Amino acid sequence: MNNTILHINSVSKSFSHSIKKLNGDVSKEEYCVLDKIDLQVQKGKITAIIGSNGAGKTTLFNIVSGLLNTDKGELFYTPNGKKYNLRKISPYKLARIGIGRMFQDNHIFPKLTVMENMLIADTDPYGENAFTSFFYHRKKRKIEKERKLRAEQIFEMLFGKANPFCEKQEDYAETLSYGQQRLLGLARLFMGNYKLVLLDEPTAGVNPVLVKKIAEIIRKMVDKRQMTILLIEHNMPFVESLADLCVFINTGKIETAGSVVEVLDNPHVRENYLGKRTTKRNSTDAQA
Amino acid sequence: MFIQFLINGLITGSIYALVSLGFALVYNTTRIFHIAYAILYMIAPYFLMTFLIKLQISPILSILIAISLTIIVSLATELFVYAPLVKKKSSPNVLMISSIGVMIIAINLVALCYGNETKIINPSLSDSYKIGNIIITYNQIIQFITSSVFIGLFMVFLKFSKFGIMTRAMRDDTELCKVFSMNVPGFRLVLFAISGLFAAIGGILTAWDFGMDPYVGMPMLLNAIVALIIGGIGKFQAPVIGGLVLGVLQALSVLVFSANWKDAIAFSVLVLFLLFRPQGFIGEKRRLV
Ligand SMILES: Nc1ncnc2c1ncn2[C@@H]1O[C@H](COP(=O)(O)OP(=O)(O)O)[C@@H](O)[C@H]1O
Ligand SMILES: [Mg+2]
């Protein structure tokens, strides 16, 4: 079991909302968004979570990254021998212990420069304190210089020598195109010492060329940095070409899990999510 | 005459700028319309009076104590009023009304303890310098230098330090800050402390010259808000530019009309800006659709 980095044990979550009846009574209705989710995320692997809109995928991410509390169940994070109980750790400490996250829509800080967007993702807390940053000027300078250099190296490693990110590093991040903003959101995850990265629909709304680029970046996360990736996706060719494992969530339950081929060919998954396959599977390089 | 009023305006404006910056620091990052900020400005000189005049402590020490106590009051509003309400997911309106409540309670407490009448901390008339036919008092010089130094230092930190990047990140997206290892509740305390510092300095500088009563906070808060709006909400340079512009406009209105017109001018400027340039001097136009 020491190949597991994240243990999700029987996690449940309900939301409640008030319903006003015709006679004026207000009743609270609970609805279960996650129902006893069990998932062991394998270290160094790319695991894709698929399922229709509203199935509870993002809610699961919010629970893992501490933005929501669970009602029941346990979450353990075991990056390297140590065992962290995620229910007992404040969310802001998660990045320090190596859990990174990219949201579904807000990827960047629009009014920070491209470079600042990178710098803020550094998990090393040096220079955050308003009062210590007043003193120790030399040391601060050196560390900041080193951080900047590291960011530039990441841009070069991901996007080649002459890339728009290095050129536009002093511009507001909102001046980047939508696709570039997404790439910046991913590149930023190389700044910290992340071991487990949660990506919420990384390819939603970007063009096929960028989809390829994104797949490349995610591969580099795994190959160069030994990150473990947990990603939510609706783009099946992307999942097929990239992921090692796949989990199908339907109305708050994990209904099927296993290798990508297994899950995508599972009749139940086909019926409830993907639609019937009309052609035979051939070699999967159907990116664009 | 004109230049004299212009200089007076810039000096008052520098205090507006500092006080407005403290308000903007909280508003831009937390979206709290921090009405209770007015009491920080008002209460700092009362603290100073207590230690300097009643307890006869040395001026420097008294000022430091007064500023520290004001910062504590600022932190207390966050810890005991805003943070619990935010935790309960209260709406911005609820926060604002609670803030008004806190302000009224504090004003009444101060009126009860110190009385309603105007108090003077520094009874002596300030020396002044004369350059040509322009007169600048010693107090004015201190006011201008102090506000400028604090504004300048803050701007440098905002631009270049990681603390500054985090402050601007908070303005952009608090949720995203959380996943990048920012302790948002803790960071808010730092912001409230700095905000309290700016209010305290502004309050003490003004009261040293003109004295104070329990009601000086509200008009100053209005000036700060007008400065913020005419500068352009969302940017941290905005309150500085807005404060200076407002100071100058008010001073010139004294020259053209009379001193009673000051507040009317502030509000006319506000209305004109809201109508014709809602994004302020340096704000960018929002897309309407
Ligand atoms: N904070 C919340 N409060 C109430 N309901 C929520 C909240 N977050 C998500 N939900 C509901 O939970 C369900 C699952 O949402 P989500 O996890 O975002 O789905 P998806 O699988 O598409 O990412 C949806 O019905 C959504 O309306
Ligand atoms: Mg989602």
Side-chain angles (χ1 to χ4, degrees), chain A residues 61-62 64-67 90-113 115-134 136-137 140-141 143-144 147 172-174 185 188-189 191-194 197-198 200, chain B residues 25 28-29 68 71 75 87 89 149-150 152-198 232-238 282-287:
Chain A
F61 271 20
N62 284 337
V64 174
S65 47
L67 301 178
S90 355
Y92 75 92
K93 288 188 182 143
L94 291 184
R96 298 264 157 83
I97 60 173
I99 300 182
R101 166 99 192 252
M102 189 167 89
F103 283 117
Q104 203 164 345
D105 23 54
N106 41 343
H107 307 108
I108 52 150
F109 295 101
K111 286 272 196 294
L112 295 190
T113 66
M115 182 49 80
E116 286 165 351
N117 263 283
M118 293 294 280
L119 298 181
I120 201 165
D122 193 341
T123 39
D124 168 13
Y126 196 83
E128 277 167 18
N129 188 311
F131 303 104
T132 55
S133 74
F134 212 89
Y136 308 118
H137 216 66
K140 196 183 106 210
R141 271 269 185 71
I143 289 179
E144 275 167 7
R147 268 188 194 142
Y172 282 150
E174 65 181 1
R188 174 163 60 181
L189 293 169
M191 278 302 282
N193 187 17
Y194 296 108
V197 171
L198 314 175
D200 200 340
Chain B
L25 194 55
N28 286 348
T29 52
S68 312
I71 290 175
L75 293 177
K87 207 165 188 184
K89 302 215 165 28
V149 165
F150 276 95
L153 272 180
F154 181 76
M155 287 302 165
V156 170
F157 273 91
L158 194 65
K159 183 89 179 69
F160 297 108
S161 71
K162 181 149 185 194
F163 155 77
I165 298 179
M166 287 164 67
T167 306
R168 286 178 287 135
M170 274 277 280
R171 170 199 58 194
D172 277 7
D173 194 331
T174 325
E175 214 55 24
L176 206 49
C177 286
K178 284 184 197 156
V179 299
F180 287 109
S181 62
M182 260 179 76
N183 176 359
V184 171
F187 199 75
R188 278 168 62 122
L189 286 177
V190 176
L191 297 174
F192 272 89
I194 299 175
S195 157
L197 170 73
F198 289 175
I233 279 182
K235 296 210 162 174
F236 288 103
Q237 304 91 316
I282 56 171
E284 287 132 32
K285 257 212 162 86
R286 263 246 184 86
R287 274 174 66 155

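Remember, predicted model here, so these are calculated numbers, not experimental data. Naming convention: chains lettered A, B, ... in sequence-line order (proteins, then strands); numbering from 1 in each chain.
- Options A/Glu116, A/Met102, A/Arg101, A/His107 differ in how many heavy-atom pairs under 4.5 Å they form with chain B, and the most are formed by A/Glu116.
- Side chain of B/Arg168 to backbone of A/Lys111: no donor-acceptor contact under 3.5 angstrom is found.
- Of the two parts of A/Ile108, only the backbone, made up of N, CA, C and O, holds a non-hydrogen atom closer than 4.5 Å to a non-hydrogen atom of chain B.
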Check against side chain to side chain contact (heavy atoms under 4.5 Å, CB included), A/Asp122 and B/Phe180: CA-CA 8 Å; A/Asp122 193 341; B/Phe180 287 109; over 6 Å; no
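- Using a 30° and 60° split on the angle between ring planes, B/Phe198 and B/Phe154 fall in the perpendicular class, above 60°.
- Of the atoms belonging to A/Pro91, it is backbone heavy atoms, and not side-chain ones, that fall under 4.5 Å from chain B.
- Residue A/Leu94 does not touch chain B at all, counting heavy-atom pairs closer than 4.5 Å.
- Between B/Glu175 and B/Lys178, at least one side-chain nitrogen of the basic residue sits less than 4.0 Å from a carboxylate oxygen of the acidic one, meeting the salt-bridge criterion.
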